[in-house]
Participant: 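To start, I am sharing the structure in question, which I have written as structure tokens.
In the text below, chain A, chain B and the rest are named by the order of the sequence lines, each starting its count at 1. The basis for the numbers below is simple: all heavy atoms, side chains too, and nothing from hydrogens, waters or symmetry mates. These numbers come from a predicted model, not from an experiment.
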Amino acid sequence: MKNELVAKILNEIADMLEMQAVQFKPAAYRRAARTIESLAEPIEDVYAKGKLEELPGVGAAIAKKVAEIIETGSLKYHQELKAKTPVDLEGLLAVEGIGPKTVSLLYKRVGVRSLDDLERAASQHKIREIKGLGPKTEENILSSIELAKRRKERVTLGTALPVAERICENLRAEARSRGATCTVEAAGSLRRMRESIGDIDILATTQNPSGLSDSFTRMSDVRKVLEKGETRSSVILTNNLQVDLRVVQEGSFGSALMYFTGSKDHNIAMRKLAIAKGLKLSEYGLFRGDQQVAGRTEDEVYAKLGLEYIPPELREDHGEVAAAQDHTLPEIVPYDAIRGDLQTHTKWSDGVNTIEEMAQAAKTMGYEYVAITDHYSTIPVVNGLNEHRLREQAKEIDKLNEKIDGIRILKGAEVDIAADGTPSADKAALRGLDVVVGSVHGTFKQTKKEMTQRLIAAMESGLVSIIGHPTSRKINKKNPCEMDFDELFDASKRTGTYLEINASPERLDLSDTNAGLAVKAGCKLTVNTDAHDTEELRNIRFGVAMARRAWVRKTDVINTMPLRELIKTLRKP
DNA sequence: GCCGTTTTCGGCCCGACTGTTTTCAGTCG
């Protein structure tokens, strides 16, 4: 999968053209880079099918360059541009306040090629001498160069969302205690529920902006205040997360929320649509001339533009604007549509809580059913079940089902899928279970072909009802195993095996893009938490979020079904 | 360099802020 490489080269071309003050081409290269970066399938496959030019933002010229990168691993045009300004672009651009033009200026005037060069030039006061720059710029460079050296890493949605919710709640509470009304919402990629987040954006309206920014910058876990003003404040928390707070007028809250939620490409698409209708859209509202025609709420803005409301998870410029215009947006699966969790663990294997505790917690969440799927495995660390212990567990579940009203505990197991695709339990052992999750827990380094065959063999064994965390990735830690998704999806449909969206925030596997491809191919999914304690059951929303981002409908997710229907749907081992 | 229910040529998303300037360019989101 060369998507990242291609996008990186195109982005660098954009930067270098911008350094040369070339007009419009940088934006064109960036657009193409974004398309390819967020593409679900490998760019090589698109190339092989001869469909590069069908990608939005990719025309004849860029298609030819992409082809060269795929064939040779590099691009002559890119090398030539690099030779003209041989600098560490990525490093220098990471410095806050420095863009391509300044990089070019610094290189030409004082020969800055790296972050070290830049630091030296700044401390020797060479930068203030450059026409167009000055002492302030020099100071700013010195104070932000450290941060640039430690590149900012994105955090998982599971880390960022609770932090943002806590901040919003605190700000609302403080405003209430001062008797002020105050609306506070998290925006940005967090609101779109992307799997990882760069920083947290919070939007607010209040009659007391200075009080709000005081509360914000004085939060207990603030490490550094970057800026503090009536309309914009910015802090770094002790966990290194950056949080930006913006305060807007009530009449602009909806348009501002839209604007700060993004994505950038969605915003651009929306503005173009506004222009086509003789209007102008900004964070201050939707305007006809000087007259604001909408802005207080998002619904209002979408409606005035003739669009259905677009849920934040869909705002990625993946065709949602056109669909909203044609009223063909799918009814994506609601967060409260899940009727039960089909992968959970208890003390019987490597979980923390008892079956009863898990069942009670699931009942509190309003579930109709919960499947207990402890490891059936020989991996020592997971304290796996064997045939005898599984029978004992089944007896306990039968008793609990008589004892507890209002929720049905399903009998299940999570089996390992061996390197050749054989499940770690045989038919006799699994007899009587309601659900069997099959997962890869070792021998991750196989060829694409081997891994594909392995999973297909597991599905064809007839013992497995669900493939758990299909690619075994861990966000920021472990790359997904390579596999041929077309073949995998075919086998999933053919054998009636369901594919999991594992809702654990460090997994989110299938990813949003892969889940989208799966459903497009006609597969059915299941969203499960893989909870190892009662608290983790609440991670379900992260998995549903991925499904929503993938345009998945309720009917595509089996555990939105009522119990009776689900039981009929699940294949018995 | 891309793209078209106003265009196959002539446009290309919007606004704030900062620091540098005598009216604006660069950066950021």
Side-chain angles (χ1 to χ4, degrees), chain A residues 10-11 13-35 52-66 77 92-106 127-141 143-144 148 187-189 198-203 226-234 242-248 252 255-287 295 306 317 321-322 325-326:
Chain A
L10 295 180
N11 271 322
I13 291 174
D15 290 330
M16 291 188 287
L17 291 174
E18 208 168 347
M19 285 165 69
Q20 300 173 16
V22 175
Q23 294 277 297
F24 305 113
K25 289 190 187 185
Y29 276 98
R30 288 212 174 91
R31 170 97 206 279
R34 278 201 301 271
T35 299
L52 283 177
E53 285 190 51
E54 288 178 25
L55 298 173
V58 178
I62 291 184
K64 203 164 158 235
K65 293 186 172 74
V66 171
Y77 176 61
L92 292 170
L93 290 177
V95 180
E96 182 81 16
I98 289 193
K101 296 277 166 63
T102 312
V103 169
S104 170
L105 196 62
L106 287 166
I127 286 171
R128 63 177 66 191
E129 309 296 332
I130 302 171
K131 191 169 153 54
L133 306 180
K136 276 274 191 198
T137 307
E138 195 173 84
E139 274 171 44
N140 288 344
I141 285 171
S143 72
S144 48
S189 52
D199 53 24
I200 296 176
D201 295 298
I202 291 174
L203 189 69
L226 295 176
E227 52 183 325
K228 178 173 183 286
E230 298 248 315
T231 61
R232 202 171 76 189
S233 299
S234 198
Q242 180 171 332
V243 189
D244 299 332
L245 171 71
R246 287 157 214 275
V247 180
V248 299
S252 299
S255 46
L257 188 58
M258 258 174 84
Y259 173 75
F260 289 115
T261 297
S263 66
K264 189 179 170 62
D265 288 327
H266 176 82
N267 287 348
I268 290 172
M270 292 292 292
R271 287 193 176 138
K272 282 185 174 166
L273 181 68
I275 292 169
K277 292 178 180 282
L279 302 164
K280 186 183 73 170
L281 179 62
S282 75
E283 59 263 50
Y284 296 101
L286 185 64
F287 292 88
D317 193 29
V321 176
Q325 214 168 359
D326 304 342

Participant: Whole angstroms only, please: what is the CD1-C1' distance between A:I141 and B:dT20?
Facilitator: 14 Å
Participant: As a test of reading the structure: which of B:dG19, B:dT27, B:dC2 is closest to the side chain of A:P100, going by heavy atoms?
Facilitator: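 Per side-chain heavy atoms of A:P100, the pick is B:dT27.
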Participant: Between B:dT20 and B:dC9, how far is it from one P atom to the other, in whole Å?
Facilitator: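 Approximately 46 Å lies between the P atom of B:dT20 and that of B:dC9.
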Participant: Could you tell me how far apart A:R232 (CZ) and B:dA16 (P) are, to the nearest whole angstrom?
Facilitator: 11 Å
Participant: Expressed in whole Å, how much space separates the P atoms belonging to B:dA25 and B:dT21?
Facilitator: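 Roughly 13 Å separates the two P atoms.
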Participant: In this structure, how many angstroms lie between the P atom of B:dG1 and the CG atom of A:L17, rounded?
Facilitator: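 Answer to the nearest Å: 8 Å.
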Participant: What about A:Y284: does its side chain form a donor-acceptor pair under 3.5 Å with the base of B:dG15?
Facilitator: no
Participant: Between B:dC2, B:dG15, B:dC17, which nucleotide has the shortest distance from any of its atoms to the side chain of A:E283?
Facilitator: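 The answer is B:dG15, which lies nearest to the side chain.
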Participant: How far, in whole Å, is B:dC13 from B:dG4 if one measures between their P atoms?
Facilitator: 13 Å
Participant: Nearest to the side chain of A:K272, which nucleotide is it out of B:dG15, B:dG29, B:dC13?
Facilitator: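 So the nucleotide nearest the side chain must be B:dC13.
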Participant: Select one nucleotide: of B:dG1, B:dG29, B:dG19, the one nearest the side-chain heavy atoms of A:R246.
Facilitator: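 Selected nucleotide (nearest to the side chain): B:dG29.
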Participant: Can you tell me how far apart CG (A:D199) and CG (A:D201) are? Round to the nearest 0.5 Å.
Facilitator: 5.0 Å
Participant: Looking only at atom P, what distance separates B:dT7 and B:dG11, rounded to whole Å?
Facilitator: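 Here B:dT7 and B:dG11 have their P atoms 14 Å from each other.
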Participant: Give a yes/no on whether any side-chain N or O of A:T231 is located under 4.0 angstrom from OP1 or OP2 of B:dC17.
Facilitator: yes
Participant: What's the gap between B:dT5 and B:dG1 when it is taken at their C1' atoms, as a whole Å value?
Facilitator: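 My reading of the C1' atoms in B:dT5 and B:dG1 gives 24 Å.
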Participant: Could you give the NZ-to-P distance, from A:K101 to B:dC28, as a whole number of Å?
Facilitator: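 Rounding to the nearest Å, NZ of A:K101 and P of B:dC28 are 12 Å apart.
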Participant: Quick check for you: among B:dG29, B:dG19, B:dC14, whose closest atom lies nearest to any side-chain atom of A:F260?
Facilitator: B:dG29
Participant: Take atom P in B:dC17 and the same atom in B:dT23, then report the distance between them in whole Å.
Facilitator: 23 Å
Participant: Picking from B:dG29, B:dT21, B:dC12, which would you name as closest to the side chain of A:K131?
Facilitator: B:dT21
Participant: Send over the distance from A:Q242 CD to B:dC28 P, rounded to a whole Å.
Facilitator: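 Rounding to the nearest Å, CD of A:Q242 and P of B:dC28 are 12 Å apart.
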Participant: Figure out the CG/C1' separation between A:L281 and B:dG15, and round it to whole Å.
Facilitator: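 My rounded result for the distance is 12 Å.
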Participant: Paired with B:dT27: which nucleotide, if any, by Watson-Crick or G-U wobble criteria at under 3.5 Å for both distances?
Facilitator: B:dA16
Participant: Looking only at the side chain of A:R271 (C-beta and beyond, no hydrogens), which of the listed nucleotides B:dG1, B:dC13, B:dT20 gets closest?
Facilitator: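 Between B:dG1, B:dC13, B:dT20, the one nearest the side chain of A:R271 would be B:dC13.
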Participant: I need the A:R34 CZ to A:I268 CD1 distance, nearest 0.5 Å.
Facilitator: 5.5 Å
Participant: From the set B:dG26, B:dG1, B:dG19, return the single nucleotide nearest to any side-chain atom of A:T102.
Facilitator: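 Comparing B:dG26, B:dG1, B:dG19 against the side chain of A:T102, the answer is B:dG26.
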Participant: Out of B:dG1, B:dG15, B:dG29, which nucleotide sits closest to the side chain of A:E96?
Facilitator: B:dG29
Participant: It should be established whether A:K65 places a side-chain nitrogen or oxygen under 4.0 Å from OP1 or OP2 of nucleotide B:dG1.
Facilitator: yes
Participant: Using OP1 and OP2 only, check whether a side-chain N or O of A:S282 sits under 4.0 Å from B:dC13.
Facilitator: no
Participant: Taking atom NZ as the centre, does A:K277 end up with more than 12 heavy-atom neighbours from other residues, nucleotides or ligands that are less than 6.0 angstrom away?
Facilitator: yes
Participant: Between A:N140 and B:dG19, is there a contact of a side-chain N or O with OP1 or OP2 at under 4.0 Å?
Facilitator: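 Yes, such a contact exists.
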Participant: How many angstroms lie between atom OH of A:Y77 and atom CE of A:M16, to the nearest 0.5 angstrom?
Facilitator: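 Taking OH in A:Y77 and CE in A:M16, the distance rounds to 8.0 Å.
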Participant: So which heavy atom on A:P100 is nearest to which on A:M19, and how close?
Facilitator: O-CG, 3.0 Å
